[in-house]
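Here's the structure, in structure tokens; my notes come after.
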Number of protein chains: 2
Amino acid sequence: MDKSNAIEALHALAQDTRLDVFRLLVKQGAEGMAAGDIAEALGVRQNTMSANLSVLAKAGMVRSEREGRVIRYFANFDGMRSLLAFLMEDCCGGNPELCKPVLDEIVCAC
Amino acid sequence: MDKSNAIEALHALAQDTRLDVFRLLVKQGAEGMAAGDIAEALGVRQNTMSANLSVLAKAGMVRSEREGRVIRYFANFDGMRSLLAFLMEDCCGGNPELCKPVLDEIVCAC
DNA sequence: CCAATATATCAATATTTCTTGAAATATGGA
DNA sequence: TCCATATTTCAAGAAATATTGATATATTGG
């Protein structure tokens with residue numbers, strides 16, 4: 001991940017509808033969700049949603065698979081991982097206590 | 001952290017200069033850096049940098065402390081932690097394997 | 001092949017955002 | 001108090017972005 005990738009990813013997430021989409025797809029996990037269902041679930045018009053999904057996909061935060069007429073979208077956990085790694089790069093310059101808690105918070109109760 | 005906080009934080013980071021600032025301050029750690037030094041280090045005019053620092057601070061991604069005439073800025077690791085927690089909320093809906101690797105990548109070699 | 005369904009693309013408008021020059025505020029020292 | 005330094009605030013112009021109606025593309029079933 002380089003800087004322009006990171007900006008693209010952050011920008012993709014920094015918008016109301018797209019943030020909703022990403023978090024919805026995070027919750028959906030491996031099941032993902034069809035484009036049309038996402039639009040309906042979030043009360044957004046179909047072409048607006050398509051444009052937003054395209055921004056998220058180009059930024060690497062979601063990915064898609066065609067299933068016949070339906071295109072199913074998934075959160076891209078690899079993309080999120082790369083983004084976080086980039087943001088926290090060199091965070092340990094002599095003081096691990098600062099960055100460690102950033103990660104602890106996210107350890108989900110799986 | 002609620003949705004509008006998250007959008008504000010993501011938006012703050014999704015810009016060239018501000019992303020540079022945040023990563024610079026992550027590297028600086030507890031030492032932080034004076035506003036003027038940040039501007040000089042990144043080759044940005046002083047009032048432009050001030051505006052950008054203000055965006056980052058309002059979004060909770062950096063914090064500042066006055067030291068006489070100088071205002072010293074620091075990455076706000078708590079803010080980053082809250083943001084990540086919000087983004088990955090409910091990520092474990094039945095499939096921990098998906099979200100676990102997101103965190104592993106970031107475990108820094110402290 | 002044709003019609004229906006699902007999704008994407010295009011062009012235009014309204015909104016938001018970034019940068020900058022100028023001016024203001026705050027602090028410390030003479 | 002007065003000046004120099006460090007930083008912030010303000011207003012305006014230029015650039016980027018989101019949404020929308022209309023249209024195009026892709027896939028399936030009859």
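Scope of the values below: all heavy atoms of this structure, side chains included, with no hydrogens, waters or symmetry mates. Residue numbering restarts at 1 for every chain, and letters A, B, ... go by the order of the sequence lines.
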[Y] side chain reached by [X] side chain, heavy atoms, under 4.5 Å:
| X | Y | answer |
| --- | --- | --- |
| Phe22(B) | Gln15(B) | no |
| Val26(B) | Leu87(A) | no |
| Leu19(B) | Phe86(A) | yes |
| Val21(B) | Met33(B) | no |
| Leu53(A) | Ile38(A) | yes |

Original post:
Going 5' to 3' on DNA chain C, which nucleotide is the first and which the last to come under 4.0 Å of a heavy atom in chain A?
Top reply: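 Listed 5' to 3', the contact boundaries are dA4(C) to dT9(C).
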
**OP:** If a protein heavy atom is under 4.0 Å from the base, mark B; if only from the sugar-phosphate, S; if neither, -; do that for nucleotides 25-30 of chain D going 5' to 3'.
**Re:** -SBB--

Original post:
Which of residues 42-62 of chain B sit near DNA chain C, with a heavy atom under 4.0 Å from it?
Top reply: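 Heavy-atom cutoff 4.0 Å gives Arg45(B), Asn47(B), Thr48(B), Asn52(B).
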
Original post:
Excluding sequence neighbours, so at least two apart, what forms salt bridge (Lys or Arg N to Asp or Glu O under 4.0 Å) with Lys58(A)?
Top reply: Glu8(A)

Original post:
Taking only residues two or more places apart in sequence or in another chain, which ones pass salt bridge (Lys or Arg N to Asp or Glu O under 4.0 Å) with Asp16(B)?
Top reply: Lys3(A)

**OP:** Determine to 10° how strongly the helix from dC1(C)-dG30(D) to dA30(C)-dT1(D) is bent, judged from the axes of its five-pair ends.
**Re:**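 For the helix from dC1(C)-dG30(D) to dA30(C)-dT1(D), the axes at either end differ by 30°.
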
State the [atom1]-[atom2] distance between [X] and [Y], to the nearest 0.5 angstrom.
| X | Y | atom1 | atom2 | value |
| --- | --- | --- | --- | --- |
| Leu25(B) | Arg72(B) | CG | CZ | 10.5 Å |
| Leu56(B) | Thr17(B) | CG | OG1 | 10.0 Å |
| Met88(B) | Lys27(A) | CE | NZ | 10.5 Å |

Original post:
When we call it a touch if two heavy atoms are under 4.0 Å apart, what does Arg18(B) touch: a base, just sugar-phosphate, or nothing?
Top reply: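 Since only primed, P, OP1 and OP2 atoms lie under 4.0 Å of Arg18(B), the category is sugar-phosphate.
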
Original post:
Judged by atom type as modelled, is there a donor-acceptor pair below 3.5 Å linking the side chain of Arg18(B) to the main-chain atoms of Ala12(B)?
Top reply: yes

Original post:
Where the side chain of Asn76(B) meets the backbone of Arg63(B), is there a donor-acceptor pair that is under 3.5 Å apart?
Top reply: no

Original post:
dT19(D) C1' sits how many Å from Asp20(A) CG, rounded?
Top reply: 16 Å

Original post:
Minimum heavy-atom separation for Met1(A) to Gly79(A), with atom names?
Top reply: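 What the structure gives for the nearest pair is CE-O, 4.2 Å.
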
